[in-house]
Amino acid sequence: LIPCYNESKTIEKVIKDYKKVLPEADIYVYDNNSTDHTDEIAMSAGAIVKYEKRQGKGNVIRTIFKEIDADCYLMIDGDDTYPADNAREMCDAVLTRNVDMVVGDRLSSTYFQENKRPFHNFGNSIVRWSINTLFKSDIKDIMTGYRAFSYDFVKNFPVLSKGFEIETEMTIHALDKNFSLIEIPVDYKDRVKGSVSKLNTYSDEIRVLKTIAKLFEEYKIRTKWDPEIEDYYYSVIDVIAVLTESKNPRRYGSDLKRKLKKEGSQLYENIVQLKMKSTDDKFYKTDAANTKQLLRIVQSVPSPKAEPF
């Protein structure tokens with residue numbers, strides 16, 4: 001599975017490389033409004049080409065996971081930065097060892113030597129530290145685009161992100177839902193000359209952290225510590241009020257909850273009702289979510305302020 005946006009310089013080589021190591025695989029290229037004939041080149045190279053008009057990698061992955069049924073899914077980028085050498089090993093882990101997600105770990109090999117963007121490397125490290133601290137895990141490469149998935153993972157993954165946050169979301173979902181996950185070190189090479197990265201170091205890598213910090217610095221979000229789970233619960237309504245600037249955040253929250261349930265989303269299943277102090281100094285029951293739940297709920301809020309999640 002190759003989500004693509006303007007990868008005409010590399011897509012043919014990528015398709016041919018993966019055809020050699022996985023001759024039995026169907027290779028799909030999902031073109032995301034390319035203007036450089038990426039789709040035509042991919043078709044000529046033997047790929048099955050489909051289209052997603054909504055811009056953003058998350059939107060492409062949502063469509064891919066919805067449309068394709070397979071025993072094993074291998075996701076790569078079309079920029080020729082991931083070696084095909086590891087593809088068989090990654091797929092075998094899903095097919096023969098019942099692993100739900102295999103992460104192609106760039107950071108344990110050549111990534112920091114090959115990647116020429118120091119702030120990109122720094123942002124990657126910060127996000128990795130934050131997720132591992134939050135989930136008490138030890139994932140080496142949170143944001144890699146080289147992954148293999150089981151059918152169960154793909155069909156139970158509620159894609160909420162629109163852009164390059166999708167890789168972080170995949171990792172969080174696997175950790176949160178206790179899917180089996182392993183990492184396989186892979187070599188990484190920087191993009192070929194003339195090939196331009198679509199990642200924005202600041203907006204795509206650390207915007208989750210930046211926005212969370214801003215929320216709690218600038219706005220009053222009611223919280224309650226739970227010693228049993230060793231985590232805070234946060235008022236869902238308070239966060240929705242900040243992100244949407246709605247005049248009636250309670251109604252907005254109720255409408256969002258109904259919408260998500262109608263769509264079959266499980267995001268609100270583990271939300272609890274807790275008494276929290278209101279602006280009139282009285283205590284009222286309100287929807288409350290722990291840190292993990294809150295991050296996933298906020299991702300579903302259609303607002304520019306929620307977009308960083």
Carefully, step by step, assess Glu24 and Arg88 under the rule salt bridge (charged side-chain N to carboxylate O under 4.0 Å, His left out). CA-CA 11 Å; Glu24 74 276 29; Arg88 174 67 64 185; 2.7 Å; yes
Dump the intermediate steps for side chain to side chain contact (heavy atoms under 4.5 Å, CB included) on Met101 and His173, then the final yes or no. CA-CA 11 Å; Met101 183 164 74; His173 182 69; over 6 Å; no
Pair Lys277, Lys224 - check side chain to side chain contact (heavy atoms under 4.5 Å, CB included), show working. CA-CA 10 Å; Lys277 196 173 185 180; Lys224 189 171 185 178; over 6 Å; no
Can Val236 and Thr286 be said to form a side chain to side chain contact (heavy atoms under 4.5 Å, CB included), step by step? CA-CA 8 Å; Val236 175; Thr286 185; over 6 Å; no
Derivation and outcome, side chain to side chain contact (heavy atoms under 4.5 Å, CB included), residues Ile182 and Arg97: CA-CA 11 Å; Ile182 66 169; Arg97 296 166 54 189; 3.8 Å; yes
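Minimum interatomic distance between Asp152 and Asn156 (heavy atoms only, all atoms of both residues): O-ND2, 2.7 Å. Residues Asp226 and Glu228 come closest through the heavy atom pair OD1-N, 2.8 Å. The shortest non-hydrogen separation linking Val99 to Ser180 is CA-OG, 3.4 Å. Among all heavy-atom pairs drawn from Ala84 and Asp17, the shortest one is CB-O, 3.7 Å. Considering all non-hydrogen atoms of both residues, Ala288 and Met276 come closest at CB-CE, 4.1 Å. The two atoms that bring Asp141 and Val103 nearest to each other are O-CG1, 3.5 Å, heavy atoms only.
A side-chain N or O of Thr81 and one of Asp79 form a donor-acceptor pair less than 3.5 Å apart. Side-chain polar atoms of Asp80 and Thr10 form no donor-acceptor pair below 3.5 angstrom. For the residue pair Glu67 and Tyr28, no side-chain donor N or O sits within less than 3.5 Å of a side-chain acceptor on the partner. Thr63 and Arg54 share a side-chain donor-acceptor pair at under 3.5 Å.
Under the 4.0 Å criterion applied to side-chain N and carboxylate O atoms, Lys140 and Asp138 are assigned as salt-bridge partners.
Residues that satisfy the side chain to side chain contact (heavy atoms under 4.5 Å, CB included) test with Glu40, not counting sequence neighbours, are His37. Residues satisfying the side chain to side chain contact (heavy atoms under 4.5 Å, CB included) criterion with Lys155, sequence neighbours excluded, are Asp69, Tyr73, Tyr151. A search for salt bridge (charged side-chain N to carboxylate O under 4.0 Å, His left out) contacts involving Asp39 returns nothing, not counting sequence neighbours. When the salt bridge (charged side-chain N to carboxylate O under 4.0 Å, His left out) test is applied to Arg250, no partner is found at least two apart in sequence or on another chain. When the side-chain hydrogen bond (donor to acceptor under 3.5 Å, both in side chains) test is applied to Tyr18, the partners found at least two apart in sequence or on another chain are Tyr146. With sequence neighbours excluded, the residues forming a side chain to side chain contact (heavy atoms under 4.5 Å, CB included) with Ser137 are Asn132, Phe135, Ile139, Leu175, listed by chain and number.
Ring to ring, Phe149 and Phe65 are close: their centroids are under 6.0 angstrom apart.
Considering only heavy atoms from C-beta on, Phe157 comes within 4.5 Å of Ile166 through its side chain. Residues Tyr188 and Val186 form no side-chain contact, since every pair of their non-hydrogen atoms from C-beta on lies 4.5 Å or further apart. Met90 is not listed as a side-chain neighbour of Met75, based on a closest heavy-atom distance of 4.5 Å or more. No side-chain heavy atom of Glu183 sits under 4.5 Å from any side-chain heavy atom of Leu107.
One hydrophobic cluster, built from ILVMFWY side chains closer than 4.5 Å, cannot hold both Phe283 and Leu274; they sit in different ones. Connection of Ile68 to Ile48 is established within a shared hydrophobic cluster, with ILVMFWY side chains joined at heavy-atom distances below 4.5 Å, either directly or through further cluster members.
Looking only at distances, no side-chain donor or acceptor of Asp287 sits under 3.5 Å from a matching main-chain atom of Ile237. With Thr144 contributing its side chain and Gly104 its backbone, the two residues share a donor-acceptor pair below 3.5 Å.
Between Ile2 and the choices Ile11, Val60, Ile64, the side chain to side chain contact (heavy atoms under 4.5 Å, CB included) rule is met once, by Ile11. Of the listed residues (Val29, Ile76, Ile61), just one forms a side chain to side chain contact (heavy atoms under 4.5 Å, CB included) with Pro3, and that residue is Ile61. A side-chain hydrogen bond (donor to acceptor under 3.5 Å, both in side chains) with Asn32 is found for exactly one of Gln55, Lys57, Glu52, namely Gln55.
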